[in-house]
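Report on the structure given below.
What you see is a predicted model; the values in this text were computed from it and never measured. We count residues from 1, following the sequence as given.
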Amino acid sequence: MSTQLPILQMTGIHKRFPGVKALTNVNLRLFPGEVHALMGENGAGKSTLIKVLTGVYSIDEGGVEMEGAPISLHSPLESQAAGISTVYQEVNLCPNLTVAENIFIGREPRRFGCILWKEMNLRAAELLRERMNLQIDVTLPLHMYSVAVQQLIAIARALNISAKVLILDEPTSSLDQNEVEQLFRIMRKLQKGGLSILFVTHFLDQMYEICDRVTILRGGELVGEYWVKELTRLDLVLKMIGKDLNLLEELPGLAAEYKDALGDELIRAEGLGRKGGIEPFDLSIRKGEVVGLAGLLGSGRTEAARLFFGADKPDSGQLTLAESGGGVHSPREAIGRRIAFCSENRKTEGIIGDLTVRENIILALQAKYGTFKTISRRRQEEMAEEYIRMLNINPPNPDLLIKNLSGGNQQKVLLARWLLTEPELFILDEPTRGIDIGAKAEIQKLVLTLSRQGMSFLFISSELEEVLRVSDRIAILRDRRKVKEISDKDMSQQQIMQAIAGG
């Protein structure tokens, strides 16, 4: 491959948004007949780079060449015309149309303006059979088939547009192991045919199984391009997270400074799992304990949290509350059983921007009381003012629209919302992401203080130092599996990253 010229080359790519440098001097090379991984944590710039390649975003600086010739990518149509096709994580097809219609939509074979249905069906069946090793009835609606088959149909559609480069954006996130293996067989066949595949993934095992080279981004900048066979798993994790193992300071958990002993078991998960989300796992949490979940993006941390809150229904296992002996089957039931959940996506699953700080704070408590037991305006104001003062929410105005607050203060409002319900277990999914260092310290201190008072926490963070700082025990996840649990006093970043890397 070293003697070949790249089929696609991006050089010195810069992309800025107001107040944000999304990409800074990023390079990417794709060669014919290779599977090339694009990896990085949240905010690394992967999505922005893909949107540049697909013509959704225009670049501010830099250039793109296809087979040595400069190309412009100002729209998705221009990207497709250049031979670049993309299959997204969520299948972007029409479930009510037939398989054949989805493959040829907008490019149906016609004569005198009329669609040649028989020809279209024959060509669709032939394409799926020869390129995808898939023999199905192409006259059936797309929704009749599994997500895995829909992914293959989406790839067939992309190839039918004479693609030279195929971008697969998290194609395995909703697939089980057998379906992943089926997709990989197709990818290898396409690779042998000379197609260049850019494989965007968070799964380390899959990257090592299918990819030839990998480009790693971090913070919108290029870390480097590497041969997969020459890059150890630990080196990969270190480059993604941005740590030098020789410089790591082993930080003991600080929770021990705040409490003398833990209480009895509060909740236990046994064989809890969900297909396409996380493999069955065991995990218990004691009263007053902070259990951290560590792992790369896509490792199954959020999926585990959602199972604990009843937001997703498990396919296996059970979740049991020690005192009542009952389980948790819905968020409403979870709230009733004194479980709280702060989602990682506060913009879409947390705050309601057009409501005031006060209205956002009382939402969960009002939901717990029900529709017919409304909280009086006076009581709302008393509670809002109490938590604004307790959490130092700034500005301290309960009638200000929450969308006008900073990210850190919005996060404090969400914490206030759930603390108002007096939870026994508080699930925090990335509670300090995107907020300033002062607000981070306040939230970490709050977690430690409340745990000393007997509140339990399931704490998720991409920042290993933060997980170590607040946790009594850490469960480590990799590729949707719980791989290790660390509870000894010498917990360290090195231990965690070696477990994340595995292999």
Side-chain angles (χ1 to χ4, degrees), residues 266-267 287 302 305-313 319 321 323-431 435 439 442-443 446-447 449-451 453-459:
L266 175 69
I267 192 168
K287 291 181 180 179
T302 295
R306 290 176 63 86
L307 288 176
F308 265 85
F309 190 61
D312 291 333
K313 294 188 182 301
L319 188 68
L321 285 154
E323 289 186 356
S324 65
V328 178
H329 305 97
S330 69
R332 185 178 182 85
E333 187 175 356
I335 294 171
R337 292 179 177 273
R338 299 180 67 184
I339 299 175
F341 180 39
C342 252
S343 167
E344 66 174 331
N345 194 339
R346 64 173 174 264
K347 293 293 185 184
T348 59
E349 297 181 356
I351 68 168
I352 300 179
D354 290 327
L355 295 185
T356 65
V357 170
R358 169 182 52 80
E359 291 166 331
N360 271 276
I361 286 177
I362 62 96
L363 271 177
L365 186 62
Q366 184 61 73
K368 184 176 181 179
Y369 285 167
T371 306
F372 301 106
K373 189 180 178 182
T374 57
I375 304 171
S376 70
R377 175 64 180 262
R378 180 180 176 182
R379 183 64 182 134
Q380 288 182 28
E381 290 174 349
E382 289 174 352
M383 291 186 293
E385 288 173 2
E386 178 185 355
Y387 279 91
I388 286 171
R389 184 171 57 254
M390 180 194 302
L391 299 179
N392 193 27
I393 296 171
N394 197 23
N397 180 358
D399 295 316
L400 192 68
L401 293 181
I402 192 173
K403 65 183 179 184
N404 294 327
L405 270 60
S406 68
N409 283 289
Q410 288 177 357
Q411 190 67 44
K412 290 180 186 178
V413 171
L414 295 181
L415 292 174
R417 173 191 295 173
W418 289 108
L419 290 174
L420 199 56
T421 67
E422 299 181 336
E424 290 186 332
L425 172 63
F426 202 160
I427 303 168
L428 294 176
D429 191 357
E430 297 285 7
I435 63 178
E442 288 185 70
I443 290 173
L446 178 68
V447 169
T449 301
L450 291 174
S451 67
Q453 295 170 5
M455 190 180 294
S456 304
F457 287 86
L458 186 61
F459 189 90

Of all heavy-atom pairs between [X] and [Y], which one has the smallest distance, and what is that distance?
X      : Y      : result
Met455 : Leu419 : CE-CD2, 4.0 Å
Leu400 : Pro395 : CD2-CG, 3.5 Å
Trp418 : Cys342 : CD1-SG, 3.7 Å
Asn409 : Leu405 : CB-CD2, 3.8 Å
Pro423 : Ala340 : CB-CB, 3.8 Å
Ile402 : Gln410 : O-NE2, 3.2 Å

Can you confirm whether [X] sits close enough to [Y] that some side-chain heavy atom of one is under 4.5 Å from a side-chain heavy atom of the other?
X      : Y      : value
Ile427 : Ile339 : yes
Leu420 : Glu386 : no
Phe308 : Val328 : no
Leu414 : Ile351 : yes
Ile352 : Glu359 : no

[X] (side chain) donor-acceptor with [Y] (main chain) under 3.5 angstrom:
X      : Y      : answer
Arg417 : Gly350 : yes
Gln366 : Ile375 : yes
Lys313 : His329 : yes
Glu422 : Arg338 : no

What's the spacing between [X] [atom1] and [Y] [atom2] if we round to 0.5 Å?
X      : Y      : atom1 : atom2 : result
Glu430 : Phe459 : CD    : CZ    : 8.5 Å
Thr356 : Arg358 : OG1   : CZ    : 4.5 Å
Leu321 : Ile267 : CG    : CD1   : 4.5 Å
Thr421 : Ile362 : OG1   : CD1   : 12.5 Å
Glu381 : Ile388 : CD    : CD1   : 10.5 Å

Salt bridge or not for Arg389 and Glu385, using N-O below 4.0 Å?
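No, Arg389 and Glu385 are not salt-bridged.
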Would you sort out whether Asn397 and Val357 count as a side chain to side chain contact (heavy atoms under 4.5 Å, CB included), showing the intermediate values?
CA-CA 8 Å; Asn397 180 358; Val357 170; over 6 Å; no
Candidate list Val447, Ile393, Leu450, Leu446, test side chain to side chain contact (heavy atoms under 4.5 Å, CB included), partner Leu415, passing option:
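Among the candidates, only Leu446 passes.
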Are there over 12 heavy-atom neighbours, none belonging to Glu382, within less than 6.0 Å of that residue's CD?
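Yes, because the 6.0 Å sphere around CD of Glu382 holds more than 12 heavy atoms from other groups.
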Could you check Met383 against Leu365 for side chain to side chain contact (heavy atoms under 4.5 Å, CB included), going step by step and ending with a plain yes or no?
CA-CA 11 Å; Met383 291 186 293; Leu365 186 62; 3.7 Å; yes
Relative to each other, are the rings of Phe309 and Phe341 parallel, tilted or perpendicular (30° and 60° limits)?
tilted
